[in-house]
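Sequence lines set the chain letters: A, B, ... in the order given, protein chains first and strands last, and positions in each chain run from 1.
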2 protein chains.
Amino acid sequence: MHAQVPDGYDPRAFEPFAVTVDLAVFTLRDDRLHVLLVRRGEEPHRGRWALPGGFVLPRESADTAARRELAEETGLSAGTAAHLHLEQLRTYSEPDRDPRMRVVSVAYAALGPDLPEPRGGGDAADARWLPYGTQGALAFDHDAILADAHDRVGAKLEYTCLATAFCPPEFTLGELRRVYEAVWGVALDRPNFRRKVLSAQGFVRPAQGPPRLTGGRGKPAALYRAGGATALHPPLLRPERRETTT
Amino acid sequence: MHAQVPDGYDPRAFEPFAVTVDLAVFTLRDDRLHVLLVRRGEEPHRGRWALPGGFVLPRESADTAARRELAEETGLSAGTAAHLHLEQLRTYSEPDRDPRMRVVSVAYAALGPDLPEPRGGGDAADARWLPYGTQGALAFDHDAILADAHDRVGAKLEYTCLATAFCPPEFTLGELRRVYEAVWGVALDRPNFRRKVLSAQGFVRPAQGPPRLTGGRGKPAALYRAGGATALHPPLLRPERRETTT
DNA sequence: CCTGTTTATAGTCAGGGTGACTCTTAAGAA
DNA sequence: TTCTTAAGAGTCACCCTGACTATAAACAGG
């Protein structure tokens, strides 16, 4: 762009753009994938669910704005929100995506372990975790943003160690497997999943201490922590995709 | 964001944001990866190379703006530019990335077969293809954008059929292989590459007609066209990555 | 106390994909 | 004619994976 800026160009000659962030925040509750949504209290789309988000402030980057909104909307302590995985998805800029004004929105996907119910603190009329797939039609173009976010998360589970971001600091391989099953919506073979995860170096490392004292059914499982790796090679491909190959 | 817009909110209360697109346009020339750069004729960064780009107009989406700038800056006919592969990378929004004003830039990666030298038409003082890696320090944060674009293209070669976008409508497997070698900077085993590409359904399909009449050295090669598939399963992994695995 | 259920963990086996490698064919260049 | 270059066919062993079986260790219910 910069090469075309004429000398003395006045940015205010253009209709101003508002720049916002929209957040698709995922978590796992009861082994189901949930999304954080807010109910709109204003027109347009009053009463419909929408993704949380807000304006990028004049001295903020979009990343900073997304992190700030994440803390505000989830009602988590700033320290907790700072540790959630947050990554930029893409930018939505159709001229009429918001009927009120020209709004360019940088979308983010965020995810974390079983997060608490959002506290009502904030201007949002009503914020809630909804099981993914049950949210109906969202406001604005948020259906497309949410679908893109889900696609991205599902794809990144294949070739990165992102799944550990859905888990608490210490977790069992069963919990990790249920992350994959919830996001992909498929059942995975338990022994094969275990072999794959343990053979991928840097994905998980054993946590010292006794097997979990949990009251869950079945044999107690060993606890693991996230390893240092971010990439997963070779990838852990979804079962579905195999049809495309063969 | 929308949940937070107070009634009667005046967007002009904020310092306006300028929204631009920046393009990382790649092509192959002489089996080397080249990137399209423009030399800045204005301060700041006068005389340095920068990515082509421009403002998003008030009634345009960023995608439309990127497509328009692509045609303008490459000097290609609108029809040709319309067929180049173009995809959004991510958005760069650091508050001080442009010292003159608040500019949020949506970056795109574009690529096409051996493209012609950019014609001087346009306001850009000087636009040129430079071999990737020889461009030195670019203006603004364009070094980071270009590196991100290169990473993205390299990664997408692994698990998509993107490589055919670097090739003319009909191409040999040798040309396709040189796309991978140029982008990844590695040598690939010829027979294995051939086996892999031909066994992946939808990647390429044979073009009828005689083997190429080319004047190149060696045995004439069969011609292929891009298949209909976009995803490549299983992926064609870079040789380097294997160290991470094993 | 025994039995059935649930989950974790160990192990086996066959098939497919891949890397490494060899060989033949067909063109141009010297 | 001979050398060089690249296409294309084929081989072989290894590793990963999916499918499957078996055992261990907890809880629930009779």
[X] [atom1] - [N] [atom2] separation (whole Å):
X      : N      : atom1 : atom2 : result
B:L188 : C:dG17 : CG    : C1'   : 16 Å
B:D189 : D:dC12 : CG    : P     : 17 Å
A:L237 : C:dG16 : CG    : C1'   : 13 Å
A:R190 : C:dT6  : CZ    : C1'   : 8 Å
A:F193 : D:dC16 : CZ    : P     : 17 Å
B:L198 : D:dA9  : CG    : P     : 8 Å
A:R194 : D:dT21 : CZ    : C1'   : 16 Å

(message) Can you confirm if the NZ or CZ of A:R90 lies within 45° of the ring axis of A:Y92 and under 6.0 Å from the centre of its six-membered ring?
(response)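 Satisfied, under 6.0 Å and within 45°.
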(message) Need to verify one output field. Residue with the more 5' nearest nucleotide on DNA chain D, A:G218 or A:R195?
(response) A:R195
(request) Could you pick out which residue, A:K219 or A:N192, lies toward the 5' side of DNA chain D when each is mapped onto its nearest nucleotide? (result)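 Its nucleotide being nearer the 5' end, the pick is A:N192.
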(message) Side-chain N or O of A:K196 versus OP1/OP2 of D:dT17: is the shortest distance under 4.0 Å?
(response)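 A:K196 to D:dT17 OP1/OP2: side-chain N or O found under 4.0 Å.
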(request) Look at the side-chain N and O atoms of B:R217 and state whether any lies under 4.0 Å from the OP1 or OP2 oxygen of D:dT4. (result)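 So the side-chain polar atoms of B:R217 never come under 4.0 Å of the phosphate oxygens OP1 or OP2 of D:dT4.
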(request) Looking only at side-chain atoms of B:P191, point me to the closest of D:dG10, C:dT9, D:dA19. (result) D:dG10
(request) Kindly point out which of D:dA25, D:dC16, C:dG11 is positioned nearest to the side chain of A:P234? (result) D:dC16
(message) With a 6.0 Å cut-off on the ring centroids, do B:Y180 and B:F193 count as close?
(response)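 Yes: the rings meet the under 6.0 Å criterion.
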Apply salt bridge (Lys or Arg N to Asp or Glu O under 4.0 Å) to [X] and list each qualifying residue two or more places apart in sequence or on a separate chain.
X      : answer
A:R67  : none
B:D114 : B:R29
B:K196 : none

(request) Return the residues of residues 169-179 of chain B meeting this criterion: a heavy atom under 4.0 Å from some atom of DNA chain D. Order them by number, or give none. (result) B:G174, B:R177
(message) The criterion is side-chain hydrogen bond (donor to acceptor under 3.5 Å, both in side chains); which residues satisfy it with B:S61, sequence neighbours excluded?
(response) B:T64
(request) If a pair satisfies salt bridge (charged side-chain N to carboxylate O under 4.0 Å, His left out) and one of its residues is in residues 146-157 of chain B, list it, with sequence neighbours excluded. (result)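 As it turns out, the salt bridge (charged side-chain N to carboxylate O under 4.0 Å, His left out) pairs with a partner in residues 146-157 of chain B, which skip direct neighbours, are B:E87-B:R152, B:E87-B:K156.
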